[in-house]
Amino acid sequence: MSRRTRPWPAGLPCWTDLASPDPAAARAFYAAVLGWEFRLRGEGPDAYAHVVVDGEVAAGLGPVTEAQSAGWCVYLATDDAEATARAAVAAGGRVVAGPEAIGPQGRVLFVADPSGAVTGAWQAGALIGASVVNEPGALVWEDLRSADPDASRAFLREVFGLEADTFDGAPDGYTTLRLAGEQVPCGGAGPLFGAPGPGWLVYFLVPDTDAAVAAATAAGGGVVGAPDDTPFGRMAVLTDPHGARFAVMRAPDGAPQPDRS
């Protein structure tokens with residue numbers, strides 16, 4: 001599934017956005033690398049923008065705020081942001097910001113797990129989150145990188161209902177994540193793997209990983225992990241000009257992508 005019009009089921013990754021110290025420059029960079037277009041949601045160079053992929057809203061990009069430090073954040077769907085906030089505290093985490101209404105768009109919450117990794121929660125209103133996934137330029141996968149993966153996985157299970165599974169060939173300490181009662185994975189969690197701190201690594205689908213890497217370096221970005229062929233596709237980890245990490249991935253021909261329905 002790549003297009004969606006209904007709110008995402010609670011617990012599934014439904015949105016990602018970038019908090020950048022220079023949103024206008026970030027928009028230019030990601031347009032060059034991923035072909036993004038933007039719909040500004042306010043006035044001025046620091047306005048929040050919706051990322052548009054093939055006419056559909058795919059992600060967000062805005063300024064650094066008190067609630068959201070620089071970098072990419074992943075949001076998990078919730079039916080009740082207040083209940084999610086209470087569950088996060090009960091699970092040993094803390095509320096970073098919210099819950100807060102974003103006009104008619106929905107309600108947002110940021111929580112930190114016991115390792116310090118921050119996850120967003122989105123209660124849909126007029127904006128369900130991403131309307132397109134698993135297509136070139138859109139979100140295709142997300143990993144939680146944690147200094148204490150077991151604590152982070154326990155937090156995600158208690159607060160969002162995500163179960164962890166091991167699989168053959170997985171990097172040491174890495175698991176996939178899935179909704180309880182479902183079989184299809186919707187993300188992963190594991191150690192820091194060289195990340196400077198806890199948080200989410202987001203993966204965007206591209207038609208050509210090497211071309212995306214070349215475009216990123218030409219636009220002032222960096223390469224953290226050079227293109228590498230894996231059983232899941234050819235991947236690379238990049239940084240934008242302000243240091244925000246993200247990954248690009250070309251899936252093997254005919255390979256199914258995670259079913260987020």
Side-chain angles (χ1 to χ4, degrees), residues 1-20 23 26-27 29-42 47-63 68 71-81 84 98-110 119-143 160-162 177-179 182 184-187 200-207 212 233 244 246-251 255-261:
M1 192 198 78
S2 58
R3 303 295 172 100
R4 188 172 185 88
T5 58
R6 295 176 289 110
W8 294 88
L12 278 186
C14 66
W15 185 248
T16 186
D17 66 6
L18 173 68
S20 174
R27 291 195 297 269
F29 171 82
Y30 288 97
V33 176
L34 297 172
W36 285 351
E37 298 177 346
F38 300 92
R39 295 175 186 160
L40 294 180
R41 306 293 299 175
Y48 192 85
H50 284 168
V51 173
V52 178
V53 172
D54 195 24
E56 300 288 343
V57 176
L61 194 161
Q68 193 174 359
W72 284 96
C73 184
V74 166
Y75 297 71
L76 305 182
T78 178
D79 295 330
D80 186 333
T84 299
E100 178 185 1
I102 309 299
Q105 299 296 301
R107 295 182 64 77
V108 68
L109 167 71
F110 296 94
T119 297
W122 181 253
Q123 182 179 340
L127 178 71
I128 65 167
S131 298
V132 57
V133 295
N134 298 354
E135 292 188 11
L139 185 68
V140 68
W141 191 252
E142 51 283 310
D143 283 334
F160 295 102
L162 293 176
L177 299 169
R178 61 175 172 80
L179 280 180
E182 300 292 339
V184 180
C186 61
W200 289 91
L201 178 68
V202 292
Y203 295 68
F204 298 105
L205 198 66
V206 293
F246 67 104
V248 292
M249 167 183 169
R250 180 189 184 278
Q257 298 305 316
D259 180 0
R260 299 165 184 269
S261 62

Who pairs with Asp17 by salt bridge (charged side-chain N to carboxylate O under 4.0 Å, His left out), at least two apart in sequence or on another chain? none

Listed by chain and number, what are the salt bridge (charged side-chain N to carboxylate O under 4.0 Å, His left out) partners of Asp54, not counting sequence neighbours? Arg3

Pairwise side-chain contact, [X] with [Y], heavy-atom cut-off 4.5 Å (strictly under):
{"X": "Pro99", "Y": "Thr84", "result": "no"}
{"X": "Leu205", "Y": "Pro136", "result": "yes"}
{"X": "Met249", "Y": "Val140", "result": "yes"}

Between [atom1] of [X] and [atom2] of [Y], what distance do you get to the nearest 0.5 Å?
{"X": "Asn134", "Y": "Leu139", "atom1": "CG", "atom2": "CG", "answer": "8.0 Å"}
{"X": "Leu12", "Y": "Thr78", "atom1": "CG", "atom2": "OG1", "answer": "12.0 Å"}
{"X": "Gln68", "Y": "Ser20", "atom1": "CD", "atom2": "OG", "answer": "11.0 Å"}
{"X": "Leu201", "Y": "Asp143", "atom1": "CG", "atom2": "CG", "answer": "6.0 Å"}
{"X": "Leu76", "Y": "Trp122", "atom1": "CG", "atom2": "CH2", "answer": "13.5 Å"}
{"X": "Ile128", "Y": "Trp15", "atom1": "CD1", "atom2": "CH2", "answer": "9.5 Å"}

For Glu37, does the CD atom have more than 12 heavy-atom neighbours from other residues, nucleotides or ligands under 6.0 Å away? no

I need the minimum non-hydrogen distance between [X] and [Y], along with the two atoms involved.
{"X": "Ala81", "Y": "Arg107", "value": "CB-CB, 4.4 Å"}
{"X": "Arg39", "Y": "Gly55", "value": "NH2-O, 3.2 Å"}
{"X": "Val133", "Y": "Ala138", "value": "CA-CB, 3.8 Å"}
{"X": "Pro185", "Y": "Arg178", "value": "CA-CB, 4.1 Å"}
{"X": "Ala130", "Y": "Ala58", "value": "CB-O, 3.6 Å"}
{"X": "Arg27", "Y": "Ala47", "value": "NH1-O, 3.6 Å"}

Is there a side chain to side chain contact (heavy atoms under 4.5 Å, CB included) between Gln105 and Arg41? Walk through the geometry before answering. CA-CA 11 Å; Gln105 299 296 301; Arg41 306 293 299 175; 3.3 Å; yes

Candidate pair Leu34 and Val248, rule side chain to side chain contact (heavy atoms under 4.5 Å, CB included), full reasoning: CA-CA 9 Å; Leu34 297 172; Val248 292; 4.1 Å; yes

Of the options Trp200, Phe204, Tyr203, which is the one that meets Trp72 in a ring-ring contact (aromatic ring centres under 6.0 Å, His included)? Phe204

Taking Arg250 for the side chain and Pro207 for the main chain, is one N or O donor matched with an acceptor at less than 3.5 Å? yes

Show the numbers, then the answer: is there a side chain to side chain contact (heavy atoms under 4.5 Å, CB included) between Phe110 and Thr119? CA-CA 6 Å; Phe110 296 94; Thr119 297; over 6 Å; no

Geometric class of the Trp36/Tyr30 ring pair [parallel <30°, tilted 30-60°, perpendicular >60°]: parallel

Test side chain to side chain contact (heavy atoms under 4.5 Å, CB included) on Val132 and Val57; report intermediate values, then the result. CA-CA 6 Å; Val132 57; Val57 176; over 6 Å; no

